[in-house]
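One-based numbering, in listed order, for ligands and for the atoms of each. Quick caveat: nothing in here was measured; it's all calculated off a predicted structure.
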Amino acid sequence: MKIREIKVGSALTKSGLPDAKWAVNPYVGCVFGCKYCYAAFIGRWKHPGEEWGEFVDVKINAPEILKTELEKLNKKFQNKDSGSIFFSSVTDPYQGIEAKYQITRQCLRVLADFGYKGEISILTKSPLVCRDIDIFKKFKKASVGLTITSIDDEVSQFLENNAPPVSLRLGALKELCRAGIPTYAFVGPLLPYFTARADKLEELFTELKESGVAEAYVEHINLSPKIRQRLFEYLAKTPELISYFKKAQTDEYRQELEKIIYPIAKKSGIKIIGGKILHHGK
Ligand code: SF4
């Protein structure tokens with residue numbers, strides 16, 4: 001694992017996501033190294049020759065830069081809500097080294113001290129997020145999501161090799177709910193064979209309900225060519241799985257899966273955020 005400290009010229013970027021105007025990515029790269037990660041392309045141009053999951057750049061001056069950017073935003077929006085901020089779009093803000101560097105925590109503190117008026121939304125696979133409950137409570141609008149792709153620790157460790165096991169993520173959701181923090185689950189990508197079937201989805205939504213979560217984003221797997229290449233290279237060691245993933249590329253597959261998911265979510269009482277299952281890329 002290569003960890004480098006870097007200085008950046010900006011901390012706040014336009015997110016390009018429908019539910020967030022801005023994104024803060026305190027790190028470049030992600031030690032969790034999920035095999036389906038859509039952000040892995042960053043490694044190809046920022047760290048040629050290095051494997052996604054084996055490097056992280058720590059943006060050590062991001063909190064300081066963020067403070068300057070917020071002052072500029074404030075002038076532009078004249079003290080009004082300047083939009084929601086998402087942590088993070090191309091890294092995990094609570095990956096292991098956050099315990100040491102605390103760049104995410106420092107950025108959140110800058111936003112809280114500034115009295116940021118927009119919504120703050122966090123998405124992670126790490127229970128380390130519970131460390132910052134004290135700061136989430138300072139915001140008028142803050143929500144925290146945990147990615148739950150299965151309820152089986154073996155599955156999460158097969159495809160999300162270095163991420164905390166999903167049992168710990170479910171525990172984090174419970175803790176956040178108990179602390180009164182608005183939470184959501186991110187059920188995505190829907191994993192062919194492992195999760196994208198009625199029995200597993202029933203179990204997953206039941207667990208989510210028990211954790212106290214009321215809402216979830218649900219997302220189809222993105223098998224765009226770049227993601228597919230990396231994922232299928234990894235799955236080559238279990239060739240019996242590849243056919244399940246190949247089938248997941250068709251509209252028919254997604255339509256059939258949706259017919260299963262909507263009633264299961266409804267029965268569990270969990271609202272699908274936005275009312276529909278997300279799908280990016282073909
Ligand atoms: S946690 Fe998110 S950013 Fe990190 S490797 Fe996994 S999918 Fe990519």
Side-chain angles (χ1 to χ4, degrees), residues 1-4 13 15-17 19-20 23-47 50-59 62 85-99 101 103-104 107 121-130 132 144-150 152-170 172-173 184-192 194-195 216-224 226-235 245 248 278-281:
M1 172 64 60
K2 283 190 186 151
I3 312 266
R4 304 175 183 93
T13 54
S15 86
L17 299 167
D19 288 354
V24 174
N25 287 286
Y27 303 96
V28 177
C30 183
V31 297
F32 292 165
C34 307
K35 298 301 176 192
Y36 53 73
C37 181
Y38 63 90
F41 69 92
I42 289 173
R44 295 200 184 102
W45 60 275
K46 284 207 167 175
H47 289 264
E50 289 180 69
E51 272 296 307
W52 182 252
E54 291 181 3
F55 64 87
V56 179
D57 295 346
V58 181
K59 299 181 182 178
I85 299 182
F86 181 54
F87 285 70
S88 299
S89 54
V90 286
T91 188
D92 191 305
Y94 288 97
Q95 57 183 300
I97 53 164
E98 167 64 14
Y101 281 98
I103 307 295
T104 299
C107 287
S121 177
I122 312 283
L123 180 61
T124 180
K125 287 188 171 94
S126 172
L128 179 60
V129 68
C130 295
D132 292 346
V144 179
L146 271 288
T147 302
I148 310 287
T149 47
S150 145
D152 182 337
D153 284 348
E154 281 186 28
V155 174
S156 61
Q157 291 189 324
F158 176 61
L159 285 164
E160 301 157 350
N161 312 49
N162 299 318
V166 74
S167 53
L168 297 183
R169 301 179 215 166
L170 285 164
L173 276 175
Y184 62 93
F186 191 95
V187 182
L190 288 161
L191 299 172
F194 297 109
T195 314
Y217 284 98
V218 183
E219 187 183 54
H220 285 294
I221 192 162
N222 178 351
L223 287 169
S224 62
K226 282 177 188 162
I227 294 174
R228 198 166 58 212
Q229 185 190 349
R230 180 167 168 267
L231 176 63
F232 284 13
E233 272 171 22
Y234 177 71
L235 291 177
F245 281 74
L278 306 169
H279 175 51
H280 302 284

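Legend: residues meeting salt bridge (Lys or Arg N to Asp or Glu O under 4.0 Å) with Asp152, ordered by chain and number and at least two apart, are absent. Among residues two or more places apart in sequence or in another chain, the salt bridge (Lys or Arg N to Asp or Glu O under 4.0 Å) test is passed with Glu54 by none.
Of all protein heavy atoms, the one closest to atom 7 (S) of ligand 1 is Lys125 NZ, 3.5 Å.
Relative ring orientation between Phe158 and Tyr234 is described as tilted, the plane-to-plane angle lying within the 30° to 60° band.
Counting all heavy atoms, side chain and backbone alike, Ile122 lies closest to Phe86 at C-CE1, 4.5 Å.
One finds the CZ atom of Phe186 at 6.0 Å from the CG atom of Leu278 (value rounded to the nearest 0.5 Å). A distance of 11.5 Å separates CG in Leu190 from OG in Ser150, rounded to the nearest 0.5 Å.
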Show me the donor-acceptor pairs within less than 3.5 Å that the side chains of residues 31-38 make with the rest of the protein, sequence neighbours left out.
unit_1	atom_1	unit_2	atom_2	d
Tyr36	OH	Lys125	NZ	3.1
Tyr36	OH	Glu160	OE2	2.5
Tyr38	OH	Ser89	O	2.3

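Any protein N/O/S atom under 2.8 Å from atom 8 (Fe) of ligand 1 was counted, giving 1 altogether.
Under the 4.0 angstrom criterion for non-hydrogen atoms, Glu160 is not in contact with ligand 1.
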